[in-house]
Each structure stands twice: as C-alpha cells, then as structure tokens.
Amino acid sequence: MQLGVKRKKVCLVVCLFVLWIHLFITPVLADVVASVAWVFDGDTIKLASGTKVRYAGINSPEIAHEGRPAESLADEAYLLNRRLTRDRRVRIQVDKEKYDQYGRLLAYVFLPDGTFVNGVLVEKGLAIVYTTPPNVRYDQELLTLQRRAMRERVGLWASAGPGKEPFYIGNTRSRRFHSPSCHLGRKTGRRNKVIYRNRLEAFYDGLSPCKKCNP
C-alpha cells in the first residue's frame, strides 16, 4: 500500500517537472519565424503580429525623438536595419529573459539565409555590444565583431576617443563601465571591479557605458 502511494507521488513529481519544462523552458529555446512590419530604429522592430522586438545584446545610437537630436550615426543604423528586415521574414530567437522593462521582446534576429542582424549592425560599427546578463548566448560572437570594427575603425569607431576621465570603473558583473564620480561605479565590489585607462579599453572588453553617468 505504501509502495503504491510512493509511486504515485514520484509520478506526480515527474509530471509536474515535465510540465514546467514545457511551459518555461521550451518557449525560450524555440525559434519563431515572423514578418517585420515596421522598423523603429537601429535595434527595434515591430512584427506583423504587433509584437515589438528589441534586439538583444546590442545598442544602436538613438534617433531623434521627444525633442532630442539624433545621436551620431543613428540614421545610418536605422536605414541599415530597415534595409535588412522591413517587409521580410525573419527568425526570432530569445534568450533566458524574454522581455525588457518596457515589455518589448528581447531577441536575436536572423534572416532566412542565416544572416545575424544583430551582428551585422555591430560589425558595421552602427551598434555597440550591450550585454545584459543572463542574456549572453551570443556575447562572445558579438564581441568578436565589435573588436574587428574597432580595429578597422568603421562606423562609430572612426571617431571614438579615449574619453575625458583619468580612468573608468568597470563592473564585470553588470557589464557596464562608469565615470569615477558615478555612485554606481563607486559601489562596485572589489571582485567585479576593473579599472580602465580609457573608454576604448572598456569597449574592447565588451563593457558598455552606464546610462546614468554616460561616461
């Protein structure tokens, strides 16, 4: 009698585990093919379903909005993204975290021929690596493309300078770097702290600027 009860409990646990895998893991790993209806800028699109997609792992310059002027090469990034994706079928792949704070789907985007759209923007110097753990599936591939763009001084890297601060504080956990006066930088623990002599060193390591202090 007790053995039968134990077997039922084991079966119940197994069934619940399989259900959990199906609900939470499978959707994360599954790719979706969809049509692109609109392109907002260099790293954001809208699918025909109405879903807004923010490219994971990268950040392109901001286009003009809300009275703010466009950042350098923002229009070029937008035009390249539009040429690659608008009115085309793309393959959408998500990582561990599926949505950003604005409810946009975070995704890696591929063309039917396998072209990695996120990577093309980085390779052309029209986006920087913007790693946001735990979404790190392609961080090394994107970093390799960024380093090549930096060496070849294309796009944003053609005029990128070392910065005005005497040093910068990097956080290897958040993957951001800060100016010396930034309170977020000063709070960085010793284990995660790296001191960079200039901004280019931080970019080469795959860190991106803190959005609070904008170093």
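Computed from a predicted model, the values in this text were never measured in an experiment.
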Student check: side-chain heavy atoms of [X] and [Y] closer than 4.5 Å:
{"X": "Leu47", "Y": "Val53", "value": "yes"}
{"X": "Arg199", "Y": "Pro162", "value": "no"}
{"X": "Val90", "Y": "Leu111", "value": "yes"}
{"X": "Asp43", "Y": "Asn59", "value": "yes"}
{"X": "Val36", "Y": "Arg88", "value": "no"}
{"X": "Lys124", "Y": "Val154", "value": "no"}
{"X": "Trp38", "Y": "Arg86", "value": "yes"}
{"X": "Tyr99", "Y": "Leu105", "value": "yes"}

* Asked: Can Ile169 and Ile195 be said to form a side-chain contact (heavy atoms from CB on, under 4.5 Å), step by step?
  -> CA-CA 5 Å; Ile169 302 170; Ile195 300 300; 4.1 Å; yes
Look up atom [atom1] in [X] and atom [atom2] in [Y], then write down how far apart they are to the nearest 0.5 Å.
{"X": "Leu126", "Y": "Leu156", "atom1": "CG", "atom2": "CG", "result": "6.5 Å"}
{"X": "Arg82", "Y": "Asp75", "atom1": "CZ", "atom2": "CG", "result": "10.5 Å"}
{"X": "Ile45", "Y": "Ile92", "atom1": "CD1", "atom2": "CD1", "result": "5.0 Å"}

* Asked: Going through the distances and angles, do Arg175 and Asn192 end up as a side chain to side chain donor-acceptor pair (under 3.5 Å)?
  -> CA-CA 9 Å; Arg175 307 301 296 165; Asn192 302 313; over 6 Å; no
Quick one: closest heavy-atom pair of [X] and [Y], and the distance?
{"X": "Ala77", "Y": "Ser60", "value": "CB-CB, 4.2 Å"}
{"X": "Asn171", "Y": "Arg173", "value": "OD1-N, 2.8 Å"}
{"X": "Tyr168", "Y": "Lys164", "value": "OH-N, 3.1 Å"}
{"X": "Phe203", "Y": "Gln146", "value": "O-NE2, 2.9 Å"}

* List in chain and number order the residues that pass ring pair (Phe, Tyr, Trp, His ring centres under 6.0 Å) with Phe110, two or more places apart in sequence or in another chain; answer none if no residue qualifies. => Phe116, Tyr138
Look at the side-chain heavy atoms of Ile, Leu, Val, Met, Phe, Trp and Tyr, link any pair under 4.5 Å apart, and say whether [X] and [Y] land in one connected group.
{"X": "Leu143", "Y": "Val136", "value": "no"}
{"X": "Leu142", "Y": "Leu200", "value": "yes"}
{"X": "Tyr130", "Y": "Val94", "value": "no"}
{"X": "Val117", "Y": "Ile63", "value": "yes"}
{"X": "Val39", "Y": "Leu79", "value": "yes"}

* Give the C-alpha distance, both sets of side-chain angles, the deciding distance and a yes or no for side chain to side chain donor-acceptor pair (under 3.5 Å) between Tyr55 and Asn81. => CA-CA 11 Å; Tyr55 293 176; Asn81 192 24; 2.6 Å; yes
* **Under 3.5 Å donor-acceptor, Glu165 side chain and Pro180 backbone** => no
For residues 204-215, tabulate all N or O donor-acceptor pairs below 3.5 Å that involve a side-chain atom, not counting sequence neighbours.
unit_1, atom_1, unit_2, atom_2, d
Tyr204, OH, Arg151, NH1, 3.3
Asp205, OD2, Tyr196, OH, 2.8
Ser208, OG, Arg176, NH1, 3.0

* **Arg186 CZ: over 12 foreign heavy atoms closer than 6.0 Å** =>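 Counting neighbours around CZ of Arg186, more than 12 heavy atoms of other residues, nucleotides or ligands fall under 6.0 Å, so yes.
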* Verify the neighbour count for atom NZ of Lys193: are there more than 12 heavy atoms of other residues, nucleotides or ligands below 6.0 Å? => yes
* Taking only residues at least two apart or on different chains, which pairs with a member in residues 102-120 satisfy side-chain hydrogen bond (donor to acceptor under 3.5 Å, both in side chains)? -> Asp95-Tyr108, Asp100-Arg104, Asp113-Thr115
* Going through the checks in order, is the side chain to side chain donor-acceptor pair (under 3.5 Å) test met by Asp41 and Thr44? -> CA-CA 6 Å; Asp41 52 30; Thr44 313; 3.1 Å; yes
